[in-house]
Amino acid sequence: MSSVLRIALQKNGRLSEDSYQLFKECGIRFDYGTGKLKSVSSNFPAEFLFLRDDDIPGYVEDGVADLGIVGENVAVETGRPVTTIHKLGFSKCRLSIAVPRGVDWTGIQHLDGKNIATSYPNLLGKYLAEQGVRAEIHEISGSVEIAPSIGLAEAVCDIVSSGSTLLSNGLKEVETIFRSEAILIARPQLDADKQSLVDKLLFRIKSVQAAKNNKYIVLNAPNHALDEITALLPGMKSPTVTPLATEGWSSVHSVLNENEFWENIEAIRAAGAEGILVIPIEKMIY
Ligand code: PRT
Ligand code: ZN
């Protein structure tokens with residue numbers, strides 16, 4: 001029988017939509033959101049399991065699933081021996097310590113002898129040990145941010161994204177102890193057939209991510225400025241330069257990375273480029 005990859009995804013939560021979208025962009029079709037716990041892809045040898053995120057590292061470790069998508073915070077907190085094979089760039093958040101707004105925060109030593117409520121006792125415990133702080137960790141599974149107002153703890157350590165939950169509970173963020181994003185995890189020992197399917201999947205994921213991080217750019221340039229402009233647009237190998245019907249002008253086509261985008265565009269315009277078109281890329285194959 002030929003191999004089928006089993007991939008565990010969060011059933012319904014903050015990771016779900018982006019995870020489903022990623023596979024869609026990789027051209028891998030499967031049904032989700034039907035209430036089913038399992039779905040078989042119609043065009044890739046993969047089977048998807050829909051689970052609670054906290055259970056995913058364990059299922060991957062036990063071999064029930066070969067791959068899984070979870071927040072790095074969950075993967076590290078559970079401490080399961082799974083391999084992180086790729087960072088996915090979505091569901092970014094941080095694990096932070098927060099205290100009531102009125103507290104005069106002087107540094108991490110402020111927590112000495114205090115009670116801290118969290119759902120992340122391992123990550124917090126490790127951080128406090130590194131900082132040489134002796135505090136009591138009070139583990140709770142949800143609604144951590146209300147702990148100080150009901151007298152359960154003097155501080156919290158919780159996931160923060162926009163910061164509005166802390167704000168609306170009268171708390172302020174004072175230390176970030178961990179930064180997280182969604183990651184693809186794998187069972188450490190995959191057989192050769194499954195590993196080759198993982199490689200195929202990773203190739204697609206990287207192509208999708210590269211496309212998102214780059215833009216296709218087309219512009220008109222006076223020939224005397226071509227050297228300067230093409231130096232700013234190295235592209236995948238080198239830019240395409242073709243003459244325009246108008247004497248003394250060329251059309252330049254290239255690819256520009258999102259991170260360098262605005263700075264380069266300004267320099268390109270200053271060098272004399274005109275009619276600049278910026279076009280999204282669907283896939284980018286190196
Ligand atoms: O039901 P299941 O167990 O599968 O899901 P869950 O409720 O445990 O997890 P879920 O769906 O809330 O989060 C899944 C993953 O998304 C987390 O493990 C993180 O890696 C990531 N993530 C990204 C977040 C957030 N952003 C986030 N904002 N996880 C939780 N939050 C919560 C946080 O706990 C706090 O209550 O949102 C609140 C803070 O948000 P802000 O925007 O007000 O700061
Ligand atoms: Zn969960």
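Bear in mind that the values here come from a model prediction, so they are computed numbers and not experimental data. We count ligands from 1, going down the list as the structure has it; atoms in each ligand are counted the same way.
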Original post:
Counting only heavy atoms, which portion of V70 has something under 4.0 Å from ligand 1: side chain, backbone, both, or neither?
Top reply: neither
**OP:** Between L166 and ligand 1, find which residue part has any heavy-atom pair under 4.0 Å and reply side chain, backbone, both or neither.
**Re:**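 Near ligand 1, L166 shows nothing, with every heavy atom at 4.0 Å or more.
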Closer than 3.5 angstrom, by distance alone: can the side chain of [X] be matched with the main-chain N or O of [Y] as a donor-acceptor pair?
X	Y	value
E173	A98	no
E181	G89	yes
N122	E77	yes
N264	L256	no
R6	V64	yes

Subset of ligand 1 atoms that lie under 4.0 Å from at least one heavy atom of [X]:
X	answer
S162	41 (P), 42 (O), 43 (O), 44 (O)
V74	18 (O)
T165	38 (C), 39 (C), 40 (O), 41 (P), 43 (O)
D54	3 (O), 8 (O)
V160	44 (O)
G71	20 (O)
D158	34 (O)
G163	41 (P), 42 (O), 44 (O)

**OP:** Restricting to N/O/S, name the atom of D53 that gets closest to the Zn ion (ligand 2).
**Re:** OD1
Original post:
Looking at the Zn ion (ligand 2), which N/O/S atom of D54 is the nearest one?
Top reply: OD1
What protein heavy atom sits nearest [atom], and how far off is it?
atom	value
atom 14 (C) of ligand 1	D53 OD2, 3.5 Å
atom 28 (N) of ligand 1	S161 CB, 3.3 Å
atom 25 (C) of ligand 1	R14 CD, 3.3 Å
atom 17 (C) of ligand 1	N73 ND2, 3.7 Å
atom 1 (O) of ligand 1	R52 NE, 3.6 Å
atom 26 (N) of ligand 1	C93 CB, 3.6 Å
atom 10 (P) of ligand 1	Q10 NE2, 3.8 Å
atom 35 (C) of ligand 1	I159 O, 3.5 Å

Subject >> Criterion side chain to side chain donor-acceptor pair (under 3.5 Å) on S96 and T176, from CA distance to verdict >> reply: CA-CA 4 Å; S96 290; T176 295; 3.2 Å; yes
Subject >> Pairwise side-chain contact, T84 with E72, heavy-atom cut-off 4.5 Å (strictly under) >> reply: no
Original post:
K38 versus E47: any side-chain heavy-atom pair under 4.5 Å?
Top reply: yes
Original post:
Are F48 and F23 close enough that their ring centres sit under 6.0 Å apart?
Top reply: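 For F48 and F23, the ring centres are under 6.0 Å apart.
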Original post:
When Ile, Leu, Val, Met, Phe, Trp and Tyr are grouped by side-chain heavy atoms lying under 4.5 Å apart, directly or through other members, which residues fall in the same group as W249?
Top reply: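 Besides W249, the hydrophobic cluster comprises L244, listed by chain and residue number.
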Original post:
Should the pair K215-E258 be classified as a salt bridge under the 4.0 Å nitrogen-to-oxygen rule?
Top reply: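 Salt bridge between K215 and E258, a charged N being under 4.0 Å from a carboxylate O: yes.
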**OP:** Considering only NZ, NE, NH1 and NH2 on the basic side and carboxylate oxygens on the acidic side, decide whether K114 and E154 come within less than 4.0 Å.
**Re:** no
Subject >> atom 43 (O) of ligand 1: any protein heavy atom closer than 4.0 Å >> reply: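 When distances to the protein are checked, atom 43 (O) of ligand 1 has a heavy atom within 4.0 Å.
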**OP:** Indicate the ring-plane relationship of F30 and F50, choosing parallel, tilted or perpendicular according to the 30° and 60° boundaries.
**Re:**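 Parallel.
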